[in-house]
Every structure is written in structure tokens, then in C-alpha cells.
2 protein chains.
Amino acid sequence: MSDWMPSLSALRAFDATVRHLNFVRAAEELSVTPSAVKQLVRKLEDSLGQPLVERDVRGLRLTAAGEAGARRISEAYRIQVYRGELCEDCIDLS
Amino acid sequence: MSDWMPSLSALRAFDATVRHLNFVRAAEELSVTPSAVKQLVRKLEDSLGQPLVERDVRGLRLTAAGEAGARRISEAYRIQVYRGELCEDCIDLS
DNA sequence: ACCTCTTACGATTGTCGTAATAATC
DNA sequence: GATTATTACGACAATCGTAAGAGGT
């Protein structure tokens, strides 16, 4: 809830959700189920105490907090590191 | 142990270990037990396939991979974000 | 002896898929 | 009615503390 440390999986799930505004496609990108993505985003929301995404006429839309979160998470956590080149570029120490 | 995604806790544990070269003090900084720190660092090592820290005459010392890892993890993951101002600066979206 | 590292074990929590339901087109 | 969002539930994995043992000074 509030002492939960956001995992990289959760940040990545939110990041994919922001880019697709669609849980199904976000899940496809991450090779998990839409349920998994939804649940991680919900944990993020719970830990923040406010919703980040809402249902909209055309799928999903970001709340104000979601907009701020998308910017700050992208900047602060450097989520882009995790868009493909994680292991090759950052973890492999050879 | 190679499909394990390093958690922020694990990266933070390694970061604290690098700075203190001492599991007890690293654990104090993170308000956990030395055992918890040690186990997270070991998971990191397992996922990398090589040791990062070794016992030394005066406590701990970094291996070559550990030196490289300390630099890259600090750079790539921006661990410094988690040295205190995590919630205030990065998570709080108010 | 003391201090630190290290590990086995168990409890708690987190992650994620399945399956069923609700909402929207 | 088809697609997507949402939730309950259960299996499995990760996290972490306790307690005990190993290593060094």
C-alpha cells in the first residue's frame, strides 16, 4: 500500500500503459497478460493514493496525476533504459 | 537465475554495500538486516553469473565486475534517486 | 571473545495467469 | 456480440527476519 516500493515491473507496466493507453497492447509489448499490467498499475495508484489512468470513450486516458507521473517516472527512473537494451547495455558487465 | 529482473531493493542494497563495504552498516542505512542485504546482493551476483563483492582482510572489497557494476548501476539506474528523496521528489505527484 | 559474513528455514508479501464479470462500442 | 477493462482467486516467486554457523583479528 504505502510502504510498497514500486518495482521495475510496475514502472515498466505503467510506462507501456501510458504509451499505448490500452492494457491489451501494453501487455502484448511486455509479454504478459492485461490482468498483470492492470494490477501493477493499480498497485502504483494505491501507493500514490490517487488514480493514474481512467476509462475513456476511446479506451484509456491519463489523469492529471497520471500525466505528471508519466513525465516524472520517465525522467526520474529512466524507464527508457528498460525498453529493450536492459541486459545488453546495463546489466552485462563483461 | 537469469530471468530474474533486478528489483530496486536489490540495486539499492548493492549501492549501499558499495559505499560502505560493510553489510552491517549498509543494512543500518536501509533499515533492514545484514542478511537481507547480503541475500539481495547474492541474487544480483547470481543473475550476473559472477561475484561482485568479496571478503577482504578489512571487511569487503569489490571485484572487477563489482567495480564495473557499481559504475554502471549508478549511471544506468540512477540509484542516487533513491538516496533519500525518492518519495518527495519522484513519487509524490501532488 | 568479538565482530562480520554467510546460509538454512519459515513467514510474509509481491507477481502474474486463469477465469469470470462488467463496461463500451 | 466482440473487444477491453476489471476483479477474485490461486500458484509461484521474491523479500526479509531469525537463528545458527563460519571466518577473521
Side-chain angles (χ1 to χ4, degrees), chain A residues 1-63 66 73 77 79 82 86-87 91, chain B residues 1-48 50-63 66 73 77 79 82 86 91:
Chain A
M1 187 63 153
S2 53
D3 62 337
W4 173 70
M5 153 104 65
S7 63
L8 293 176
S9 300
L11 297 174
R12 201 173 46 169
F14 176 61
D15 175 66
T17 302
V18 167
R19 281 183 285 106
H20 289 108
L21 291 178
N22 180 314
F23 284 133
V24 174
R25 286 199 290 276
E28 285 169 358
E29 176 185 317
L30 302 176
S31 301
V32 294
T33 61
S35 177
V37 175
K38 165 69 177 171
Q39 290 171 69
L40 288 175
V41 172
R42 182 172 49 180
K43 283 217 91 170
L44 256 185
E45 292 174 325
D46 289 348
S47 76
L48 295 171
Q50 47 192 328
L52 297 171
V53 296
E54 287 175 339
R55 297 195 72 156
D56 194 8
V57 242
R58 282 211 187 278
L60 299 177
R61 123 179 130 256
L62 292 178
T63 64
I73 286 178
Y77 295 93
I79 277 293
Y82 298 99
L86 172 83
C87 290
I91 291 290
Chain B
M1 218 24 102
S2 51
D3 61 337
W4 173 70
M5 153 105 67
S7 64
L8 293 175
S9 300
L11 298 174
R12 200 172 48 170
F14 176 61
D15 175 66
T17 301
V18 168
R19 281 182 285 107
H20 289 108
L21 291 178
N22 179 316
F23 285 135
V24 174
R25 287 199 290 277
E28 284 168 359
E29 177 186 316
L30 302 176
S31 300
V32 294
T33 61
S35 177
V37 175
K38 163 69 176 172
Q39 291 170 67
L40 288 175
V41 171
R42 183 171 49 181
K43 284 217 89 170
L44 256 184
E45 292 174 326
D46 289 348
S47 76
L48 294 170
Q50 46 193 327
L52 297 171
V53 297
E54 286 174 338
R55 296 194 72 156
D56 195 5
V57 240
R58 284 211 186 277
L60 298 178
R61 131 180 119 253
L62 291 178
T63 63
I73 286 178
Y77 295 94
I79 278 293
Y82 299 98
L86 173 83
I91 290 292

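Note on naming: letters A, B, ... go to the chains in the order of the sequence lines (proteins, then strands), and numbering restarts at 1 for each one. Everything numeric in this text was worked out from a predicted model, so none of it was measured.
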Q: Mind checking side chain to side chain contact (heavy atoms under 4.5 Å, CB included) for B/Ala13 and listing every partner two or more places apart, or none if nothing turns up?
A: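 Result, side chain to side chain contact (heavy atoms under 4.5 Å, CB included) vs B/Ala13: B/Leu30, B/Val37, B/Leu40.
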
Q: Please list, chain by chain and in numerical order, all residues satisfying side chain to side chain donor-acceptor pair (under 3.5 Å) with A/Ser35, sequence neighbours excluded.
A: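 If we apply the side chain to side chain donor-acceptor pair (under 3.5 Å) test to A/Ser35, skipping adjacent residues, the hits are A/Gln39.
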
Q: Rounded to the nearest Å, what distance is computed from the CG atom of residue A/Leu8 to the P atom of nucleotide D/dA14?
A: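 About 14 Å, once rounded to whole Å.
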
Q: Taking five pairs at each end, how big is the angle between the two axes of the helix from C/dA1-D/dT25 to C/dC25-D/dG1, to 10°?
A: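 Helix axis angle between the two ends: 30°.
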
Q: Give the nucleotide from the list D/dT15, D/dA5, D/dT7 with an atom nearest to the side chain of A/Leu60.
A: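 For the A/Leu60 side chain, the nearest candidate turns out to be D/dA5.
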
Q: To the nearest Å, give me how far apart CH2 (B/Trp4) and C1' (C/dG14) are.
A: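 One finds 14 Å between C1' of C/dG14 and CH2 of B/Trp4, rounded.
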
Q: Could you grab the distance from atom CE of A/Met5 to atom OG of A/Ser47, nearest 0.5 Å is fine?
A: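 Rounded to the nearest 0.5 Å, the CE-OG separation comes out at 11.0 Å.
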
Q: Measuring from atom CZ of B/Phe23 to atom NZ of B/Lys38, what distance do you get when rounded to the nearest 0.5 angstrom?
A: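 These two atoms lie 5.0 Å from each other.
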
Q: How long is the line joining CG of B/Leu52 and C1' of C/dC5, in whole Å?
A: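 From B/Leu52 CG to C/dC5 C1': 16 Å.
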
Q: Does anything in residues 32-39 of chain A reach DNA chain C, meaning a heavy atom under 4.0 Å, and if so which residues?
A: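 DNA chain C contact set from residues 32-39 of chain A: A/Val32, A/Thr33, A/Ser35, A/Ala36, A/Gln39.
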
Q: Taking B/Gln50's backbone N and O only, do any of them form a donor-acceptor pair with B/Glu45's side chain (distance below 3.5 Å, no angle check)?
A: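 Looks like no, no N/O pair under 3.5 Å.
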
Q: Using salt bridge (charged side-chain N to carboxylate O under 4.0 Å, His left out), reason through B/Asp46 and B/Arg42 one step at a time and then give a plain yes or no.
A: CA-CA 6 Å; B/Asp46 289 348; B/Arg42 183 171 49 181; 5.0 Å; no

Q: For B/Lys43 and C/dT7, what is the distance between atoms NZ and C1' respectively, to the nearest whole Å?
A: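 Rounding to the nearest Å, NZ of B/Lys43 and C1' of C/dT7 are 15 Å apart.
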
Q: Over how many whole Å does the gap from A/Asp46 atom CG to C/dT15 atom P extend?
A: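 Those two atoms, CG and P, are 12 Å apart.
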
Q: When you compare the protein's N or O atoms with those of nucleotides 21-25 of chain C, which come within less than 3.5 Å of each other, and at what distance?
A:
{"from": "C/dC25", "atom 1": "OP1", "to": "A/Val57", "atom 2": "O", "distance (Å)": "2.7"}

Q: Between atom CG of B/Leu52 and atom OG1 of B/Thr17, what is the distance when rounded to the nearest 0.5 Å?
A: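 Between B/Leu52 CG and B/Thr17 OG1, I get 9.5 Å after rounding to 0.5 Å.
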
Q: Starting at atom CG of A/Leu40, determine the distance to atom P of C/dT13, rounded to an integer number of angstrom.
A: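 Taking atom P of C/dT13 as the reference, CG of A/Leu40 is at 18 Å.
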
Q: State whether B/Arg42 places a side-chain N or O below 4.0 Å from either non-bridging phosphate oxygen (OP1 or OP2) of C/dT7.
A: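 So the side chain of B/Arg42 is within the cut-off, an N or O lying under 4.0 Å from OP1 or OP2 of C/dT7.
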
Q: For the pair made of CD in A/Glu28 and C1' in D/dT4, what is the distance, rounded to whole Å?
A: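 Roughly 12 Å, once rounded to whole Å.
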
Q: What pairs with A/Arg25 under side chain to side chain donor-acceptor pair (under 3.5 Å), at least two apart in sequence or on another chain?
A: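 With sequence neighbours excluded, A/Arg25 shows a side chain to side chain donor-acceptor pair (under 3.5 Å) to no residue whatsoever.
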
Q: Please list, chain by chain and in numerical order, all residues satisfying side chain to side chain donor-acceptor pair (under 3.5 Å) with A/Arg55, sequence neighbours excluded.
A: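 Counting only residues at least two positions away or on another chain, A/Arg55 forms no side chain to side chain donor-acceptor pair (under 3.5 Å).
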
Q: So among A/Thr63, A/Leu62, A/Leu44, which one has a side-chain contact (heavy atoms from CB on, under 4.5 Å) with A/Val53?
A: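 Going through the options one by one, the only one that passes is A/Leu62.
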
Q: Salt bridge (Lys or Arg N to Asp or Glu O under 4.0 Å) with B/Arg61: which residues, sequence neighbours excluded?
A: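 If we apply the salt bridge (Lys or Arg N to Asp or Glu O under 4.0 Å) test to B/Arg61, skipping adjacent residues, the hits are B/Glu54, B/Asp56.
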
